[in-house]
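Remarks on the structure that follows.
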Amino acid sequence: MENSYAVEIKQVREIIDLTVGDITRPPGMPAFMRGMLNLRQQMISVIDLRGLYQMAPLQDATLCKILVVERGDDCYGLMVDAVENIMTIEDSRRFGAPKMMRNPSAQGDPRSEMDEVIDIGEGDARRTLSVFQCDRLLERLTKEIPALAA
């Protein structure tokens, strides 16, 4: 995997498999919008994070997942490459991201949605992951694209 990120599970309602045939693409949607998904009688706007951040599409999307997140009465699906693990992280392993890692003005960069990092693992398996803020992304998108807020 190119980059791995962490998302706080409290921001995610559920994780579902990507089933491309279930997604409908209405005309006039921004390129990064994969389309609309009817999930148990609730319409969800599916956002392709690779498309949003100008990353090349995956050759094989079979492992892709959709993180279903709620914002008020609205639901959004964030399409990610995969979900690697779900774990509990102690507060002592959470840190503010160094300023050089943060890039709040770069709208085409995932770092614009991050201000915290976590340390996971021990020894050679130790890794540092940036914590992706789903709420910050959705707030920015609903301001930029009024149709998402409707």
Side-chain angles (χ1 to χ4, degrees), residues 1-20 22-23 25 29-37 39 42 44-149:
M1 285 187 194
E2 292 175 15
N3 294 312
S4 293
Y5 300 98
V7 173
E8 286 188 84
I9 197 71
K10 69 182 179 184
Q11 294 186 38
V12 179
R13 183 179 88 184
E14 64 185 295
I15 301 168
I16 60 174
D17 292 324
L18 171 66
T19 310
V20 178
D22 293 344
I23 297 176
R25 184 166 173 82
M29 293 184 94
F32 65 84
M33 292 294 298
R34 182 53 75 101
M36 303 297 293
L37 172 68
L39 181 65
Q42 184 173 20
I44 298 172
S45 300
V46 179
I47 300 166
D48 180 348
L49 293 181
R50 281 188 161 273
L52 179 66
Y53 296 117
Q54 290 89 41
M55 301 165 108
L58 284 179
Q59 296 287 14
D60 178 14
T62 56
L63 294 179
C64 284
K65 300 287 185 189
I66 297 176
L67 306 181
V68 178
V69 296
E70 293 177 315
R71 188 159 196 277
D73 293 335
D74 296 322
C75 262
Y76 300 91
L78 303 179
M79 195 173 105
V80 298
D81 295 355
V83 173
E84 204 174 296
N85 203 345
I86 297 174
M87 61 181 70
T88 302
I89 305 296
E90 300 162 18
D91 285 343
S92 64
R93 293 189 171 262
R94 297 174 71 113
F95 305 96
K99 285 188 180 184
M100 289 186 72
M101 281 181 65
R102 294 185 241 163
N103 195 358
S105 61
Q107 309 264 321
D109 188 325
R111 291 175 298 175
S112 63
E113 299 0 305
M114 299 175 208
D115 55 10
E116 195 174 38
V117 295
I118 57 171
D119 255 346
I120 60 171
E122 300 294 331
D124 291 342
R126 186 175 179 180
R127 296 177 17 192
T128 300
L129 301 176
S130 295
V131 179
F132 189 86
Q133 298 295 328
C134 299
D135 290 344
R136 184 176 304 158
L137 168 68
L138 294 174
E139 184 177 320
R140 179 173 64 82
L141 289 178
T142 53
K143 285 179 186 170
E144 291 174 13
I145 304 159
L148 283 181

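Numbers here simply count residues along the sequence, with the first being 1.
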Margin query: Just verifying a value: how many Å separate I23 CD1 and D48 CG, rounded to the nearest 0.5 Å?
Written below: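 So the CD1 of I23 and the CG of D48 are separated by 9.0 Å.
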
Margin query: Just verifying a value: how many Å separate L67 CG and C134 SG, rounded to the nearest 0.5 Å?
Written below: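 The SG atom of C134 is 6.5 Å from CG of L67, to the nearest 0.5 Å.
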
Taking side-chain contact (heavy atoms from CB on, under 4.5 Å) as the test, write out the residues that go with [X], two or more places apart.
X: E8; value: K10, Q11, R94, V131, Q133
X: R127; value: S4, E84, I120, L129
X: E14; value: I16, L39, R40, V68

With a 4.5 Å limit on heavy-atom distance, are the side chains of [X] and [Y] in contact?
X: R50; Y: M79; result: no
X: I15; Y: V80; result: no
X: V46; Y: L18; result: no
X: V69; Y: V7; result: no
X: F32; Y: L141; result: yes

Taking all non-hydrogen atoms of both residues, which atom of [X] and which atom of [Y] are closest, and how far apart?
X: M33; Y: S45; answer: CE-CB, 3.5 Å
X: C75; Y: E70; answer: SG-CG, 3.5 Å
X: G96; Y: V117; answer: O-CG2, 4.4 Å

Note to self: Looking at R71 and D135, is any side-chain nitrogen of the basic one under 4.0 Å from a carboxylate oxygen of the acidic one?
What the structure shows: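 No, no charged N to carboxylate O under 4.0 Å.
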
